[in-house]
Each structure stands twice: as C-alpha cells, then as structure tokens.
2 protein chains.
Amino acid sequence: MELVRIYECLCEPTRLRLLHVLAAGPLCVCHFQAVMREPQVKISKHLGYLRTRGLVECEREGNWMIYRLPAKPSRELRSNLACLQDCVRENPVFRRDRARLAKLAPRLAQTGPACCP
Amino acid sequence: MELVRIYECLCEPTRLRLLHVLAAGPLCVCHFQAVMREPQVKISKHLGYLRTRGLVECEREGNWMIYRLPAKPSRELRSNLACLQDCVRENPVFRRDRARLAKLAPRLAQTGPACCP
DNA sequence: GATTCATATTCCCTCTAAGGAATATGAATC
DNA sequence: GATTCATATTCCTTAGAGGGAATATGAATC
C-alpha cells in the first residue's frame with residue numbers, strides 16, 4: 001500500500017525535519033546542511049530515501065541538486081504532509097530549523113534555492 | 001519525539017488495519033482474528049507493539065483482552081488517526097475488514113466486545 | 001585535462017522489525 | 001487440581017534501516 005510507504009518515510013526524525021523545511025520551498029543539499037546542522041551523508045541519504053518513495057522530487061542545477069515537494073502529490077501524501085506540519089508547529093527543533101532557514105532567506109531571494117558562499 | 005513513535009506504528013499494514021477496526025469500537029483478540037483473518041501471534045504481537053507505544057489501551061475481561069483506542073489521545077495521535085481513517089476510507093482491504101466487523105455487530109451488541117462462539 | 005566543488009554511493013557495523021513454531025501465562029470450569 | 005480456552009511470550013531466522021568513513025560521480029573552472 002502506498003500509505004505504508006509514506007509512513008515509512010515519516011518514522012525518522014531527520015526525514016521529518018527535511019520535509020518540514022521543504023514545505024517552505026525548494027532547497028539544495030548544502031542549504032539543508034546549514035539549516036539542520038547535520039552531516040552531508042546523513043542528509044543526502046535521507047533525501048535519497050524520500051526520493052525513491054516519491055515524497056520529494058529533485059533536479060540538478062549546475063553543481064547543485066534542488067529538492068522540492070512533489071508538484072502533484074497524491075491525496076494521501078497531501079493529507080499527511082498537512083498533518084505533519086500541523087503536529088510539529090510548536091516543536092523547538094522544527095522551529096529552529098525554520099529560523100535558520102529564515103536567515104538564509106535574503107540570499108535565497110537573490111540566487112534561488114541553490115548556491116553556497 | 002512522540003510523533004516518530006506514532007509513525008513507527010503506522011508503517012506496517014497489519015497495524016493500520018488494527019487501528020482502523022478499533023476506530024469502530026473496542027474489540028477482543030479473537031474477534032480481530034475473525035475480522036482480519038490473520039494468525040493469532042501476528043495480531044497479538046502487533047497489538048502489543050501498539051500498546052507499548054500508547055496507540056491502544058487494553059483491559060482483561062475474563063479470558064479475553066479488550067483493546068481500545070486511548071481514552072485521552074494526544075493531539076498528534078488524534079490528528080494522525082483522523083488522517084488515517086480518511087486515507088483508507090476507499091481501500092478494499094480496510095472496507096472488507098469493516099464489512100466482516102459489521103457481520104459481528106449483532107453478536108457484539110449482545111455480549112460486548114469479548115466472547116467467541 | 002586536472003582540479004574543485006556539491007552531492008551520491010559503497011562498505012562496514014549495529015540494531016530493530018517481522019513472521020512462524022512452540023511454549024508459557026492466567027482465568028474459568030469441571 | 002487438572003483441563004480448557006484466549007492471549008502473550010520466547011526463540012529462531014531473515015531483512016532492512018541507520019550512521020559514519022571513505023570513495024565515486026558529474027558539472028564547472030582553470
């Protein structure tokens with residue numbers, strides 16, 4: 001069942017953080033590293049896991065890989081992502097990620113979701 | 001995070017079926033067996049898994065163990081159970097479980113959630 | 001074409017889950 | 001107190017997840 005594949009993705013904290021950050025817009029891997037302060041392997045592997053199960057999509061842009069939530073999510077995925085956002089709204093870890101992301105906002109506005117210093 | 005524990009429970013099809021059936025009301029293990037047509041070990045183990053993570057509660061009644069959804073679910077649990085019920089509404093496997101449960105309804109009305117032939 | 005940079009993959013290890021067969025538990029009944 | 005019934009637990013095996021170190025890939029730049 002597709003639903004089980006979705007829940008498999010959701011039962012790991014790093015992946016929840018990735019999805020929560022992505023809800024704010026597309027992002028490249030190095031920005032995830034900056035926002036979440038986690039090692040590159042970890043982030044890349046979990047994004048790969050999400051990708052093979054259709055919870056994120058990605059596209060190369062020069063050196064960077066830009067990840068985004070699916071353009072046309074299934075009903076199940078849409079419901080569950082909404083539920084997730086609602087559940088973590090007040091969680092400190094997730095708020096911190098969003099705060100760090102907000103600090104990158106000006107740079108993102110200039111350069112798009114890719115590119116690091 | 002508690003949320004992750006919830007998703008861990010939701011990423012296995014048998015457990016999703018158990019929770020879906022429970023949403024209709026408390027039930028004993030042998031009735032789960034009848035409704036879901038799965039071996040006793042399997043059902044008992046998954047109920048145990050759900051119990052240790054707080055997704056179900058149980059109480060002994062004579063020979064029978066009556067399982068039910070928590071009386072006071074957390075906000076996260078409530079949201080996710082609602083989301084689940086919504087997602088599986090049209091799924092054949094889940095509908096079949098409910099149909100078999102409906103056939104037991106008259107007997108349940110007489111005897112309560114426990115008791116087998 | 002060699003180097004650099006961002007990202008992905010491989011390899012190794014540890015841990016947990018899942019299923020089934022067999023057995024244990026605990027309440028009820030004779 | 002022995003048996004029966006519903007349920008739980010143990011033991012075994014297999015499979016997959018998760019983390020990190022090291023290495024590979026692929027695009028861009030010099």
Side-chain angles (χ1 to χ4, degrees), chain A residues 1 4-18 21-22 26-53 55-68 104 107-108 111-117, chain B residues 1 4-18 21-22 26-53 55-68 104 107-108 111-117:
Chain A
M1 211 190 341
V4 170
R5 303 280 282 177
I6 293 178
Y7 288 131
E8 282 171 357
C9 289
L10 299 181
C11 67
E12 207 282 333
T14 308
R15 290 198 289 265
L16 291 188
R17 293 172 67 195
L18 288 169
V21 170
L22 271 184
L27 215 61
C28 68
V29 178
C30 61
H31 278 144
F32 278 115
Q33 287 178 243
V35 164
M36 296 172 48
R37 309 269 168 96
E38 295 283 354
Q40 184 256 328
V41 207
K42 195 168 174 180
I43 291 187
S44 178
K45 273 190 187 172
H46 283 301
L47 284 170
Y49 189 103
L50 292 172
R51 188 162 55 83
T52 61
R53 281 157 179 83
L55 269 78
V56 303
E57 294 169 350
C58 68
E59 180 191 14
R60 179 176 279 277
E61 189 170 307
N63 271 333
W64 297 272
M65 287 295 279
I66 313 299
Y67 283 86
R68 42 172 51 85
L104 292 179
R107 198 179 308 169
L108 291 176
T111 61
C115 160
C116 288
Chain B
M1 211 189 340
V4 170
R5 304 280 281 178
I6 294 178
Y7 287 131
E8 281 170 355
C9 289
L10 299 181
C11 67
E12 206 282 331
T14 306
R15 290 198 290 265
L16 291 188
R17 293 172 67 195
L18 288 169
V21 170
L22 271 184
L27 215 60
C28 69
V29 178
C30 61
H31 278 145
F32 278 116
Q33 288 178 242
V35 164
M36 295 173 48
R37 311 267 168 96
E38 295 283 353
Q40 185 256 329
V41 206
K42 194 169 173 179
I43 291 187
S44 178
K45 272 190 189 173
H46 283 301
L47 284 170
Y49 188 103
L50 291 172
R51 187 163 55 83
T52 60
R53 282 159 180 82
L55 269 78
V56 304
E57 294 169 349
C58 67
E59 181 192 13
R60 178 176 281 278
E61 189 170 308
N63 271 332
W64 295 272
M65 287 294 280
I66 313 298
Y67 283 86
R68 43 172 49 86
L104 293 179
R107 197 179 309 170
L108 292 176
T111 63
C115 159
C116 289

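Per chain, numbering begins at 1; letters A, B, ... match sequence-line order.
- Comparing dA18(C), dA17(D), dA8(D) by their closest approach to the side chain of R53(A) singles out dA17(D).
- Computed from coordinates, the E8(A) CD to dA18(C) C1' distance equals 12 Å when rounded to whole Å.
- Considering OH of Y7(B) and CG of L16(A), their distance stands at 6.5 Å, rounded to 0.5 Å.
- In this structure, of dT9(D), dA8(C), dA28(C), it is dT9(D) that holds the atom nearest to the side chain of R51(B).
- Base-pair partner of dA28(D): dT3(C) (Watson-Crick or G-U wobble, both distances under 3.5 Å).
- At dA8(D), none of the side-chain N or O atoms of Y49(B) fall inside 4.0 Å of OP1 or OP2 (strictly under the cut-off).
- The CH2 atom of W64(A) sits 13 Å away from the C1' atom of dG26(D) (whole-angstrom rounding).
- Protein atom CD of E38(A) is 12 Å distant from nucleotide atom C1' of dG20(D), rounded to whole Å.
- Put simply, CE on M65(B) is 12 Å from P on dG26(C), counting in whole angstrom units.
- Of the residues near DNA chain D, S44(B) and V41(A), the one whose nearest nucleotide (by heavy atom distance) lies more toward the 5' end is S44(B).
- The base of dA8(C) is paired with the side chain of Q40(A) by a donor and an acceptor separated by under 3.5 Å.
- The base-pairing partner of dG16(D), taking Watson-Crick or G-U wobble contacts with both distances under 3.5 Å, is dC15(C).
- Here H31(A) does not reach the OP1 or OP2 of dA6(C): none of its side-chain N or O atoms lies under 4.0 Å away.
- Using a distance-only test at 3.5 Å, with no hydrogens or angles considered, no donor-acceptor pair links the side chain of R5(A) to the main chain of L55(A).
- Remark: side-chain polar atoms of R17(A) are paired, donor with acceptor, to backbone N or O of M36(A) under 3.5 angstrom.
- For the pair L47(B) CG and dA8(D) P, the computed distance is 7 Å after rounding to whole Å.
- The distance between atom CG of L50(B) and atom C1' of dA8(D), rounded to the nearest whole Å, is 15 Å.
- Taking side-chain N and O atoms only, H46(B) has a distance below 4.0 Å to OP1 or OP2 of dG19(C).
- Of the candidate nucleotides dG20(C), dA6(D), dA6(C), dG20(C) has the atom lying nearest to any side-chain atom of P39(B).
- Applying the Watson-Crick and G-U wobble criteria (two distances, each under 3.5 Å), dA8(D) pairs with dT23(C).
- With hydrogens and angles disregarded, a donor-acceptor distance shorter than 3.5 Å links the side chain of R60(A) to the backbone of G62(A).
- Counting non-hydrogen atoms under 4.0 angstrom, Y67(B) reaches the backbone sugars and phosphates but no base.
- Listed candidates were dA18(C), dT7(C), dG20(D). Nearest to the side chain of E12(B) is dA18(C).
- Atom CD of Q40(B) and atom NZ of K45(B) lie 10.5 Å apart (nearest 0.5 Å).
- Rounded to whole Å, atom P of dA17(C) lies 8 Å from atom CZ of R15(B).
- In the set dA6(C), dA8(C), dT10(D), dT10(D) carries the atom at the smallest distance from any side-chain atom of K45(B).
- E61(A) places its CD atom 13 Å from the C1' atom of dA27(D), with the value rounded to the nearest Å.
- Closest to the side chain of N63(B), from the set dT7(C), dA27(C), dG18(D), is dA27(C).
- Judged by distance alone, the side chain of T52(A) and the main-chain N or O of Y49(A) form a donor-acceptor pair under 3.5 Å.
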